[in-house]
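It should be emphasised that the depicted structure is a prediction, and the values quoted were computed from it without experimental measurement. The figures here come from the full heavy-atom set of this structure, side chains too, leaving out hydrogens, waters and symmetry mates. Reminder, nothing fancy here: chain letters follow the sequence lines and each chain counts from 1.
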There are 2 protein chains.
Amino acid sequence: MTDVAAPTGRIGDTILRHWREAVPNDRLAHLVKDATRGLTRALQARLAAQSVSFGHWVFLRILWEADGVTQRQLSAQAGLMEPTTYSALTAMEKLGYVERRKLPHSRKNVYVFLTPRGRALKAKLVPMAEEVNEVAIRGVPPEDVAATRRTLLTMIENLARDEAALDQGGNQKDA
Amino acid sequence: MTDVAAPTGRIGDTILRHWREAVPNDRLAHLVKDATRGLTRALQARLAAQSVSFGHWVFLRILWEADGVTQRQLSAQAGLMEPTTYSALTAMEKLGYVERRKLPHSRKNVYVFLTPRGRALKAKLVPMAEEVNEVAIRGVPPEDVAATRRTLLTMIENLARDEAALDQGGNQKDA
DNA sequence: CGAAAATGTTTAGACCTCTAAGAATAATCT
DNA sequence: AGATTATTCTTAGAGGTCTAAACATTTTCG
């Protein structure tokens, strides 16, 4: 059970050579995407040793900080849509990591609590994430890391604004 | 047909506030991931106007540079696994963007060629990607962009090495 | 030559994510 | 109070990605 496969696919030399050679003028998006893939795979490979999937890690991380929140709050904090949260949490409940409870004051909301087992994972999993981060930025000057943080944050803000603008401007059913 | 939905989900203020406030010491991975999501959504929203899905864009971009390559080569260039390439290409063939042909000298390899229709998309789609890149880095000092490029490239290299090491060191079935 | 190994494509099945729409419950407003 | 609106969770269905394994076709080599 809980058959979490470690990824074994090759991020081939092909990709690395590709990036080292022609980095044209606006392939930043690709760099960002490939970096995400690398980070995800590295963490996934480590989490698999504890039979934890990447999708579950996302929610565990939030719950370790504060559990007893609703699924909707969890979705917002994770930046994921409700159905994603829903299916992850039902699976995690089946695995015994969390418990979903309705509290007396509302029959609509579902509150999510960690089980002791879910809470115990923190000690093993957090160091894995720290290791991945450490491996990833090995050899990168701190000021470059800082600049990267600034850049990514601005990008996220710019793109959120762009998305809001597209929704406003592009979706009028009628005037 | 070709019903490609533009994403409408909110990258809520919740996320932005989250990032602006506590950016702890090693949440770089999350920043990178959220940036990827933003970039993907922004491009997706624009591609949807031409009924092109994000998954197809990835391969079109490569084929505009050079078509007549095998699926395996395409996989390597896209950095994706063969089954992913396979299903994308069969879908794209159904849409009339590409043609998959076996050439006389080999009955094993499948060569992929753009149709005129697939080739024609370039004129509309490339400007969209450029726009997304432009929007994303708006207001970011060029030297920060350069540092970000360096950092991401190093991260990709570090993580590829890490993955190779894990495969070597972690997978021995027997001594 | 013919068996074994390597290569390339395809199928099967799983996970994570999304949008769209349904259902249940809570809040609001006349 | 009762009807309408809003919120939250759930279901349904799709896209895109992966691993594992089956299949087909070369290539290699005894």
Side-chain angles (χ1 to χ4, degrees), chain A residues 1-11 33-34 36-37 40-41 44-45 47-48 51-59 69-76 78-93 95 100-112 167 171, chain B residues 1-11 33 36-37 40-41 44-45 47-48 51-59 69-76 78-93 95 100-112 163 167 171:
Chain A
M1 70 171 64
T2 315
D3 178 23
V4 179
T8 62
R10 250 303 89 57
I11 290 191
K33 201 180 179 196
D34 278 3
T36 296
R37 289 163 55 87
T40 301
R41 298 174 74 90
Q44 228 164 30
L47 293 177
S51 297
V52 172
S53 78
F54 187 80
H56 297 170
W57 155 261
V58 171
F59 293 102
V69 295
T70 67
Q71 292 189 176
R72 172 161 274 264
Q73 291 173 313
L74 227 27
S75 301
L80 297 173
M81 295 296 110
E82 281 84 356
T84 307
T85 306
Y86 174 80
S87 58
L89 287 176
T90 51
M92 290 167 74
E93 184 168 44
L95 291 171
R100 291 155 73 246
R101 279 210 298 274
K102 303 208 174 189
L103 299 188
H105 70 83
S106 164
R107 262 178 306 170
K108 190 168 56 165
N109 299 26
V110 174
Y111 295 87
V112 182
D167 279 1
N171 270 2
Chain B
M1 68 173 66
T2 315
D3 178 23
V4 179
T8 62
R10 250 301 93 57
I11 289 191
K33 199 179 181 198
T36 296
R37 289 163 57 88
T40 301
R41 298 172 75 91
Q44 226 164 31
L47 292 177
S51 297
V52 171
S53 78
F54 186 80
H56 297 170
W57 154 262
V58 170
F59 292 102
V69 296
T70 67
Q71 292 189 175
R72 172 161 273 263
Q73 291 173 313
L74 225 29
S75 301
L80 297 173
M81 295 296 111
E82 280 84 356
T84 306
T85 306
Y86 174 80
S87 59
L89 287 176
T90 51
M92 290 168 74
E93 183 169 45
L95 290 172
R100 290 154 74 246
R101 279 211 299 272
K102 302 209 174 188
L103 299 188
H105 69 82
S106 164
R107 263 178 304 171
K108 189 170 55 167
N109 300 27
V110 174
Y111 296 87
V112 182
E163 189 173 344
D167 279 3
N171 270 2

- Going by modelled atom types, is there a donor-acceptor pair between the base of dT26(D) and the side chain of Lys108(B) at under 3.5 Å? no
- Query: Do side-chain atoms of Ser75(A) reach the backbone of Gln71(A) as a donor and acceptor pair under 3.5 angstrom?
  - Reply: yes
- Using only side-chain N and O atoms of Thr70(B), determine if any of them is under 4.0 Å from OP1 or OP2 of dG8(C). no
- Message: Taking the minimum atom-to-atom distance to the side chain of Pro83(A), which one of dA12(D), dC16(C), dG16(D) wins?
- Response: dA12(D)
- Measure from CE on Met81(B) to P on dG8(C) and round the result to the nearest Å. 14 Å
- Message: Between Arg37(A) and Gly79(B) (side chain of the first, backbone of the second, donor and acceptor by atom type, cut-off under 3.5 Å), is there such a pair?
- Response: yes
- Rounded to the Å, how far apart are Leu103(B) CG and dT9(C) C1'? 15 Å
- Item | OP1 or OP2 of dT10(D) under 4.0 Å from side-chain N/O of Gln71(A) | yes
- Item | Nearest-nucleotide comparison on DNA chain D, the residue closer to the 5′ end among Arg72(A) and Phe59(B) | Arg72(A)
- Message: Please pick, from dC18(C), dT9(C), dG16(D), the nucleotide with the shortest atom-to-atom distance to any side-chain atom of Ser53(B).
- Response: dG16(D)
- Rounded to whole Å, the CZ-C1' distance (Phe54(A) to dT17(C)) equals 12 Å
- Is a side-chain N or O of Lys102(A) found less than 3.5 angstrom from the main chain of Arg107(A), in a donor-acceptor match? yes
- Query: For the side chain of Asn109(B), counting heavy atoms from C-beta on, which of dA12(C), dC18(C), dT9(C) is nearest?
  - Reply: dT9(C)
- Side-chain N or O of Ser106(A) closer than 4.0 Å to phosphate OP1/OP2 of dA26(C): yes
- Of the candidate nucleotides dT26(D), dC18(D), dT25(C), which contains the atom at the shortest distance from the side chain of Arg107(B)? dT26(D)
- Task: Side-chain contact test, heavy atoms from C-beta onward, threshold under 4.5 Å: evaluate it for Thr90(B) versus Arg100(B) and give yes or no.
- Result: yes
- Please report, rounded to the nearest Å, how far the C1' atom of dC9(D) is from the CG atom of Leu89(A). 11 Å
- Query: Tell me: CD of Gln44(B) to C1' of dT17(C), nearest whole Å?
  - Reply: 10 Å
- Query: Taking the side chain of Lys33(B) as its heavy atoms from C-beta onward, which of dC18(C), dT10(C), dT17(C) lies nearest to it?
  - Reply: dT17(C)
- Any donor and acceptor pair, going by atom type alone, linking the side chain of Ser87(B) with main-chain N or O of Pro83(B) inside 3.5 Å? yes
- Message: Distance check needed: dG16(D) C1' versus Glu82(B) CD, whole Å only.
- Response: 16 Å
- Message: For dC18(D) and Arg37(A) - does any side-chain N or O of the residue sit under 4.0 Å from the phosphate oxygens OP1/OP2?
- Response: yes
- When rounded to whole Å, the CG to P distance for the pair Leu74(A) and dT10(D) reads 12 Å
- Note on the structure: From the candidates dT17(D), dT19(D), dT9(C), the one with an atom nearest any side-chain atom of Leu80(B) is dT17(D)
- For Tyr86(A) and dA24(C), what is the distance between atoms OH and P respectively, to the nearest whole Å? 13 Å
